[in-house]
Structure formats: C-alpha cells, structure tokens
Amino acid sequence: MVVGAGPVGLALAGDLGWRGISCVLIEQSDGSIYQPRMDLVGVRTMEFCRRWGLVPAVESSPYPRDYAQDNIYLTNLTGHELGRERFPGIGQAPPPKESPQRRERCPQNMFDPILRSFAASQKTVEMRYRTRLISFTQDAERVTAVIENADTGTREEIFARYIVGCDGARSLVRETLGIAMHGNPVLTYTTNVIFRCPNLLSLHDKGKAYRHILIGPEGTWSTIVAINGRDEWRFSIIGGAEQREYSHDEIGALIRRAVGRDFEFEILSVLPWTRRELVADSYRNGRGLIAGDAVHVMSPTGGFGMNTGIQDAVDLSWKLAAMLEGWGDDGLLDSYGIERRPIGTRNVAEASSNLRRMLSVAPHPELLDDTPEGAAARKKVGQEFSEAMRHEWFTLGAHLGYRYEDSPICWPDDSEAPPDNPRNYVPTARPGHRAPHAYLPDGRSTLDLFGRGFTLLGFNKSAEEAEPLLAAAREREVPISFVTITDPQIAALYQCNYVLVRPDGHVAWRDDRMPEDALCIIDVVRGAQDRCSLSQTRRAG
C-alpha cells in the first residue's frame with residue numbers, strides 16, 4: 001500500500017507497477033493541484049522518466065519551451081535591475097554532456113498528471129482517490145490498514161505486505177511508526193499567492209524571466225515566478241520566523257509593490273506554509289517505510305525536494321519488488337534508510353544554505369534613492385548577490401553526484417571518491433555511485449541498459465567469461481542480464497572489466513576479474529548477508 005498520491009507516491013506506485021508488483025495507492029484528495037509546490041524536474045528525475053517512457057509527455061507539457069529561464073534580481077519589475085543570470089528556454093538548452101536528458105520546467109499541476117497516467121496504465125496498480133488512511137497495524141506477516149471513503153464515510157480493511165508513507169510532512173504513516181524528525185521546524189513562515197495577469201510582461205521592460213527576486217531597503221523580501229509561462233504567476237512573501245496572516249488587501253498591495261505600479265490582476269489562491277529543515281530519524285520500522293516529504297522537509301531553494309523524493313521511490317521500489325518476488329532478503333530493506341538518509345540530510349542542508357544566500361542581503365536604506373549613494377548601493381548589492389546566487393543555479397553535482405558511500409549492499413573497491421560538490425559532477429563507476437552515461441554505438445545511452453534487474457557490463461568480455469557471476473545470480477533467482485561493450489572510451493569511463501549495476505542504476509560491484517566466490521557477491525547485493533571479508537573473495541587467476 002502506498003499512501004499519498006503526490007509525485008513521490010505516484011512515481012513509487014508507477015515503478016512498482018512497471019515491475020509487475022501489485023499495489024494500491026490511496027489519496028485523500030481528488031488529485032487536483034491548486035498550488036503547484038514544485039516546477040523543476042531535475043535531470044536525474046528526467047533520467048527516470050526516460051526509463052518509464054515519459055520524456056515525450058514532459059516535453060510536450062503546456063509550459064512554453066521557448067520561455068526564457070532568466071533569474072533577475074531587482075527592486076521591482078518597473079524599477080532597478082540589480083543583476084541577472086541568463087538561461088535559455090528549456091527547449092533551447094542542450095542536455096549536459098553527463099546525461100542524455102536535461103532538466104525540465106514542468107510545474108506540479110502539469111507533472112503530476114503525467115505520473116498519474118503512468119501509474120494508472122500499470123495493470124497491477126489500483127488507484128483510490130478520495131480515500132484516507134485512518135490507522136494501521138503490523139505484525140510479522142502483514143500490515144492491516146483501515147481506510148475510509150472521504151465521500152461516503154465507508155470504512156474497510158486492506159491487508160498488505162508493506163505500507164509506504166508518501167503522505168507529506170505531517171505523515172500519519174511516520175507518526176504511527178513512531179519515527180521522529182529532527183532539525184529546524186521553522187526557517188520562515190512564507191505565503192504563496194497564485195495570481196493571474198495575462199499582460200504582466202507588457203507592464204515592465206525586464207522581458208521574460210522565470211524567477212524575479214525582489215530586494216528592497218530591508219533586504220530580500222519576495223519573489224515572482226512565471227508559474228505557467230503565460231498568464232499565471234506565483235508571488236511569494238518570504239516572511240520570517242514570526243507567523244502572520246495577510247489580508248486580501250495587504251496581499252494586493254504587496255503584489256503592486258513588487259511590480260512597481262498599479263494594475264489589474266486576479267488572486268487565484270493563497271497558501272501560507274512553513275519552510276522547514278527536517279530529516280526523519282529512520283526511514284523504516286518493520287513493514288512500514290516512508291519516503292519524500294515524510295522523511296525530509298526542506299526549503300524549495302534549489303529544487304531538491306520532489307527530486308530527492310523520487311530518488312527515494314526508485315531506490316525503494318526495486319527492493320520491495322525483490323522482497324515480494326522472493327529473491328531479496330530483509331537486509332535489502334534495511335539498506336533503504338542507510339542509503340537514502342544521508343542523501344536527505346545532504347539535500348536538506350544544501351537547500352537551507354541556498355536560502356541563507358537568498359536572504360544574505362543586508363539592509364540598505366539608500367537602495368531606492370536617486371542619489372550617488374543609492375546607485376553605489378545598488379551596484380554593490382547586485383554584484384555580491386549575483387555571485388552568491390550562482391551557487392543555486394548550477395547544481396548538476398547535487399542532482400547526479402549523490403552516492404551511497406556506506407551501503408551494506410554495495411561492494412567498495414577502495415578507490416578514491418570524487419568530491420561531493422553540489423555544482424560539479426564527476427562521472428565515476430565507483431560502487432555506490434550512479435553508473436555514468438555514455439552513448440552506445442546504436443545511439444542508446446548506457447542508462448538505457450539499466451532498470452528491470454541487475455545488469456552486468458563486460459568490457460571486451462564475453463558472457464562465457466562472466467559465467468561465474470551470472471550463474472550465481474541464477475542460483476539465487478536474481479534477475480540479471482549481461483551486456484558486452486567494446487567501446488574503449490566507455491571502458492575507460494567505467495575503469496574495470498566487469499561492472500555490476502543495480503536496478504536503480506547505481507553500481508553495486510566492479511572488478512577486473514570474476515570473484516572466486518561469486519555467490520558471496522550476489523548475496524551481499526541482494527541483502528542476504530554482510531559483506532564477506534576480502535580473504536573470502538580471493539580473485540580467480
């Protein structure tokens with residue numbers, strides 16, 4: 001049972017169904033999105049969409065692909081421009097050389113329906129909207145959940161092997177499992193306002209931009225985002241550590257301040273929310289697991305939240321499938337939290353550091369003055385803020401460079417890890433890392449080889465030479481395929497003759513030779529035993 005049909009729950013249910021696993025997805029709402037909470041589909045998430053066949057749907061979403069993605073820092077839309085980071089429209093930006101995909105601008109109200117259709121298309125996925133979780137218990141064999149139809153009040157019991165809470169920051173699943181969260185419960189009390197103004201671009205001379213960061217004499221105070229690239233805009237009052245509510249008139253006045261003139265607009269929705277910095281103490285308790293905002297709540301600065309959650313879902317899905325298919329062992333589910341919690345902690349901290357940079361502008365009472373002092377203040381603020389904000393705009397390392405350093409189901413090879421730098425990504429096939437992308441002679445990416453089961457890559461090696469590991473996998477009923485690669489550049493990228501890649505696309509093991517005890521390797525990667533000592537894995541000559 002998957003609880004919560006946000007993007008993480010939809011991705012988990014869809015991937016489970018893609019693997020042929022039966023699951024039921026429940027969601028207390030009807031699935032409508034009135035306030036899209038995310039709008040960046042990161043490059044790693046797009047690689048998963050590539051696996052699921054969803055790239056065309058994302059690329060054809062209603063967001064205009066030629067809409068400039070500039071980030072502008074300004075006193076107001078009709079006032080002084082302090083700085084600008086220029087980016088082309090999403091459709092005009094090539095993928096980075098390290099991936100076959102680029103990041104996409106696809107807000108949640110456009111992206112969720114794509115994931116929903118994907119999950120619904122899987123024959124083994126049952127989707128129940130307007131259905132809420134009331135309670136659940138677990139024993140050694142199963143989970144017993146009580147659910148309620150939100151329209152009729154009818155209750156029923158559902159029996160499941162596992163329950164996964166993708167039910168947000170106030171997760172009932174997490175609370176029932178007795179898992180606490182720690183960190184900073186309040187960074188800011190922020191208010192998001194979606195307003196409609198079809199002619200906003202004609203009211204100022206700044207041109208098209210994705211994000212406008214408004215800086216006043218008091219510092220950074222609000223943002224305006226092109227939420228659909230046409231007529232809808234998200235205005236965010238950043239706020240502080242003290243909670244307050246804004247009246248309709250106050251919101252209107254603040255929007256006019258941000259634009260710098262009186263104009264007509266329609267407020268569509270108002271959402272007060274709390275920006276937090278929290279990570280769950282554990283990702284699992286028995287047959288109950290949690291993912292997404294249920295385990296990590298972070299500032300949206302950087303666009304890590306949903307993308308981190310979908311990484312959770314992909315990590316967890318193949319492990320649940322292994323358990324239900326009978327070839328995985330319980331250590332596999334233990335590895336989920338061991339692998340993902342450090343990544344959640346890393347990304348939460350990175351998002352908070354981005355927030356601090358955005359709020360780093362000191363008060364400048366003279367900022368708006370038409371004086372030499374005002375001009376000097378604007379120049380200083382613009383230069384310093386532009387430099388600070390580049391840290392947030394260039395984050396390929398954060399999206400692709402995450403690694404499972406202490407995973408019990410990856411076999412370390414004692415090679416040196418590249419720096420975990422949020423900005424720079426260094427491709428490596430070191431165990432625990434994302435297997436690198438490279439184009440094969442037929443035009444596919446190496447990433448297209450991974451997903452259904454384990455994949456053993458043999459560089460200038462035959463299936464006969466790889467038979468010890470393949471036979472060990474067959475003996476343990478672990479799904480595995482073998483691919484020979486002869487391209488010398490790809491071989492140099494992967495560095496070893498044999499590389500074993502997990503279903504989630506991370507490297508589990510690599511070596512130049514077949515292991516003498518191949519069963520040991522297979523048992524480790526399927527969570528059946530602790531890593532054997534090196535003395536037990538003597539290399540074959």
Side-chain angles (χ1 to χ4, degrees), residues 6-8 10-11 31-49 54-55 57-72 85-93 101-116 168 190-197 200-201 208-214 222-238 258 268-271 273 275 292-293 297-311 347 350-351 354-355 358 389 392-396 398-399:
V8 176
L10 290 167
S32 299
I33 305 296
Y34 302 102
Q35 275 265 4
R37 297 191 178 189
M38 75 84 196
D39 46 36
L40 174 69
V41 183
V43 62
R44 185 59 170 154
T45 300
M46 285 306 301
E47 290 176 353
F48 298 137
C49 287
L54 303 182
V55 169
V58 175
E59 291 182 343
S60 61
S61 70
Y63 198 99
R65 299 185 63 73
D66 61 349
Y67 192 93
Q69 295 295 292
D70 293 7
N71 298 289
I72 308 179
E85 195 73 48
R86 296 185 181 275
F87 291 99
I90 289 295
Q92 301 161 335
Q101 299 299 144
R102 60 190 156 209
R103 64 183 184 179
E104 294 286 345
R105 188 68 64 193
C106 187
Q108 187 179 359
N109 57 332
M110 303 177 189
F111 191 55
D112 274 19
I114 295 171
L115 293 177
R116 182 172 178 171
T190 296
T191 301
N192 283 0
V193 182
I194 304 294
F195 71 94
R196 178 181 289 126
C197 179
L200 184 63
L201 289 173
K208 293 180 179 179
Y210 162 67
R211 184 186 299 273
H212 312 79
I213 299 181
L214 285 304
S222 70
T223 65
I224 295 178
V225 168
I227 196 65
N228 69 353
R230 293 186 300 277
D231 62 344
E232 292 184 8
W233 311 85
R234 183 176 64 224
F235 173 64
S236 294
I237 308 166
I238 296 171
L268 301 180
S269 63
V270 178
L271 177 68
W273 60 282
R275 199 184 306 256
D293 285 355
V297 186
M298 65 190 79
S299 171
T301 38
F304 303 127
M306 180 206 72
N307 295 291
T308 305
I310 288 185
Q311 292 167 18
N347 290 357
E350 181 64 20
N354 284 337
L355 175 66
M358 188 174 75
M389 292 303 293
E392 179 174 342
W393 310 140
F394 300 94
T395 55
L396 189 64
H399 286 275

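Worth saying up front: this structure is predicted, and the values here are computed from it rather than measured. Keep in mind that the numbers below use all heavy atoms, side chains included, and drop hydrogens, waters and symmetry copies.
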Handout entry: For A11 against I310, the heavy-atom pair lying closest together
Key = CB-CG1, 4.1 Å
Exercise for the section: Look up atom CG in N228 and atom OH in Y63, then write down how far apart they are to the nearest 0.5 Å. Expected result: 7.5 Å
Exercise for the section: Taking all non-hydrogen atoms of both residues into account, name the closest pair between L355 and S299 and its distance. Expected result: CB-OG, 4.0 Å
Practice task
To the nearest 0.5 Å, tell me how far F195 CZ sits from L200 CG.
Solution key: 5.5 Å
Practice task
Grab the two heavy atoms, one from S236 and one from T190, that are nearest each other, plus how far apart they are.
Solution key: CB-CG2, 4.5 Å
Completion exercise
Correct closest heavy-atom pair for A209 and D70 would be CB-O, 3.5 Å
Exercise for the section: For the residue pair P64 and R230, establish whether any side-chain heavy-atom pair is separated by less than 4.5 Å. Expected result: yes
Exercise for the section: Calculate, to the nearest 0.5 Å, the distance between atoms CZ and CD1 belonging to R86 and I72 respectively. Expected result: 8.0 Å
Exercise for the section: Would you indicate whether the side-chain heavy atoms of M298 and N347 approach each other to under 4.5 Å? Expected result: yes
Exercise for the section: List the steps and the verdict of side chain to side chain contact (heavy atoms under 4.5 Å, CB included) for F87 and R211. Expected result: CA-CA 11 Å; F87 291 99; R211 184 186 299 273; over 6 Å; no
Completion exercise
Closest non-hydrogen contact found for R103 with W393 is NH1-O, 3.8 Å
Practice task
For the pair T301 (side chain) and A351 (backbone), establish whether a donor and an acceptor sit closer than 3.5 Å, ignoring hydrogens and angles.
Solution key: yes
Practice task
Using atom types as modelled and distance alone, determine if a side-chain donor or acceptor of H399 lies under 3.5 Å from a backbone N or O of V43.
Solution key: no
Problem - Between OG1 on residue T223 and CZ on residue F235, distance to nearest 0.5 Å - result: 8.0 Å
Which donor-acceptor pairs under 3.5 Å do side chains of residues 105-115 form with protein atoms, sequence neighbours excluded?
| unit_1 | atom_1 | unit_2 | atom_2 | d |
| --- | --- | --- | --- | --- |
| R105 | NE | Q69 | OE1 | 2.7 |
| R105 | NH1 | D39 | OD1 | 3.2 |
| R105 | NH1 | Y210 | OH | 3.4 |
| R105 | NH2 | Q69 | OE1 | 3.1 |
| Q108 | OE1 | R37 | N | 3.0 |
| Q108 | NE2 | D112 | OD2 | 3.2 |

Problem - D66 side, atom CG; K208 side, atom NZ - distance, nearest 0.5 Å - result: 5.0 Å
Problem - Heavy-atom check, side chain of I213 versus side chain of M389, under 4.5 Å - result: yes
Fill in the blank from the handout: Nearest heavy-atom contact between W273 and P300 is CH2-CD, 3.6 Å
Problem - Note, E350 side chain near N354 side chain (heavy atom, < 4.5 Å) - result: yes
Practice task
May I ask you to test the M46-R102 pair for a side-chain heavy-atom distance under 4.5 Å?
Solution key: no
Practice task
Step by step, work out the side chain to side chain contact (heavy atoms under 4.5 Å, CB included) result for R44 and N307.
Solution key: CA-CA 8 Å; R44 185 59 170 154; N307 295 291; over 6 Å; no
Exercise for the section: Tell me, please, which residues at least two apart from Q311 pass side chain to side chain donor-acceptor pair (under 3.5 Å). Expected result: R340
Problem - Interatomic distance, F304 atom CZ to E392 atom CD [nearest 0.5 angstrom] - result: 7.5 Å
Exercise for the section: Please answer whether the main-chain N or O of I238 pairs with a side-chain N or O of R275 as donor and acceptor at a distance below 3.5 Å. Expected result: no
